[in-house]
Amino acid sequence: MPSLTTRLSRLPPILTSSFLALIIDSCSNIIAQHIRHYKQNSTLKPTPFTFDRTLFIQYVIMVVICAPLNYLWQAWLERTFPGWTPAGASRADLKGTTELVSFEQRRGRDERLLEAGQGSLHDVPKVRRWDNIAKKWFTDCIVLGALFNTLAFLILMGLMKGKTLSRIVMDVRVETLGIIWNSYKVWPVANFVSTTYVPVERRIVFLSGCGLVWNVYMSLVAARL
């Protein structure tokens, strides 16, 4: 019987990354619930821990929705600002040669090149595009990525908790800047490493792993919304 790792390797990268991100983020929520219980019961009469199944399901649904969107977002960033380009290649030559190309497309393309005696595109010398890496980092970590994830979190959690539109808008006004500011304490370094050294198909998993502590914080925020 194939192992779980073998089965996951046969899935499209977007599904594999989303599944692994779901596991990591679910663990964050469980840890956060225990931390919240510990803080609330630092008294002389502690109460037993009760797992908040509703909050856990809400958080899982949010991850199921946001993880694939984040994967597509990272793919768009890589297509728009490729971190590596073939040495001496023109702009037209770069079309379809970034990390965004799927494993199936990449394998078929390389096989055709080998049959023609041209070798694989992976054999072509490449140069690091630090300007594109800086653009990816700024766009994802400082501007659009941070804003998108924060707004998606607040809106989805608000909808699942049955809040009115006015209450959701109030949460967005009150919580957005604080969450984004706190995210700057975690994500600039993690995002730089991700956009520089991690393949695009593994980027969501890497960021979820780095964000284990951050997702504990977000779970605590979700509990108070």
[atom1]-[atom2] distance between [X] and [Y], expressed to the nearest 0.5 angstrom:
{"X": "Glu78", "Y": "Lys136", "atom1": "CD", "atom2": "NZ", "value": "3.5 Å"}
{"X": "Ser219", "Y": "Ile31", "atom1": "OG", "atom2": "CD1", "value": "9.0 Å"}
{"X": "Asp25", "Y": "Met62", "atom1": "CG", "atom2": "CE", "value": "7.0 Å"}
{"X": "Tyr59", "Y": "Gln33", "atom1": "OH", "atom2": "CD", "value": "11.5 Å"}
{"X": "Leu159", "Y": "Ile168", "atom1": "CG", "atom2": "CD1", "value": "4.0 Å"}
{"X": "Phe19", "Y": "Leu15", "atom1": "CZ", "atom2": "CG", "value": "11.0 Å"}

> In terms of ring plane angle, is the pair Trp214 and Trp187 parallel, tilted or perpendicular, where the classes change at 30° and 60°?
Replying inline: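 Taking Trp187 first and then Trp214, their aromatic rings stand perpendicular (interplane angle over 60°).
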>> Count I, L, V, M, F, W, Y as connected when their side-chain heavy atoms are under 4.5 Å apart, and connections chain through other members. Are Phe153 and Val174 then in the same cluster?
In response: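 Not linked; separate clusters.
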>> How close do Val216 and Ser28 get, counting heavy atoms only, and between which atoms?
In response: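 Smallest heavy-atom distance, with atoms named: CG2-O, 3.6 Å.
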Check side chain to side chain donor-acceptor pair (under 3.5 Å) between [X] and all other residues, then give those that pass, not counting sequence neighbours.
{"X": "Thr47", "value": "Asn41"}
{"X": "Asp171", "value": "Lys163"}
{"X": "Asn191", "value": "Asp140"}

> Taking only residues two or more places apart in sequence, or in another chain, which ones meet Arg173 in a side chain to side chain contact (heavy atoms under 4.5 Å, CB included)?
Replying inline: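 Side chain to side chain contact (heavy atoms under 4.5 Å, CB included) check on Arg173 returns Val169.
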> Residues two or more places apart in sequence or in another chain: which of them pass side chain to side chain contact (heavy atoms under 4.5 Å, CB included) with Trp130?
Replying inline: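 Checked Trp130 against side chain to side chain contact (heavy atoms under 4.5 Å, CB included); matches are Arg128, Ile133, Phe192, Thr196, Tyr197.
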Could you pull out every donor-acceptor pair under 3.5 Å between side chains of residues 144-152 and any protein atom, sequence neighbours left out?
residue, atom, partner, partner atom, Å
Asn149, OD1, Asn70, ND2, 2.9
Asn149, ND2, Asn70, OD1, 3.3
Asn149, ND2, Gly145, O, 2.9
Thr150, OG1, Ala146, O, 2.8

> For Val186 and Tyr217, what are the C-alpha separation, side-chain angles and deciding distance, and is it a side-chain contact (heavy atoms from CB on, under 4.5 Å)?
Replying inline: CA-CA 11 Å; Val186 176; Tyr217 164 75; over 6 Å; no
> How far apart are the C-alpha atoms of Leu156 and Ile65, what are their side-chain angles, what is the distance that settles it, and do they pass the side-chain contact (heavy atoms from CB on, under 4.5 Å) test?
Replying inline: CA-CA 9 Å; Leu156 288 174; Ile65 294 174; 4.2 Å; yes
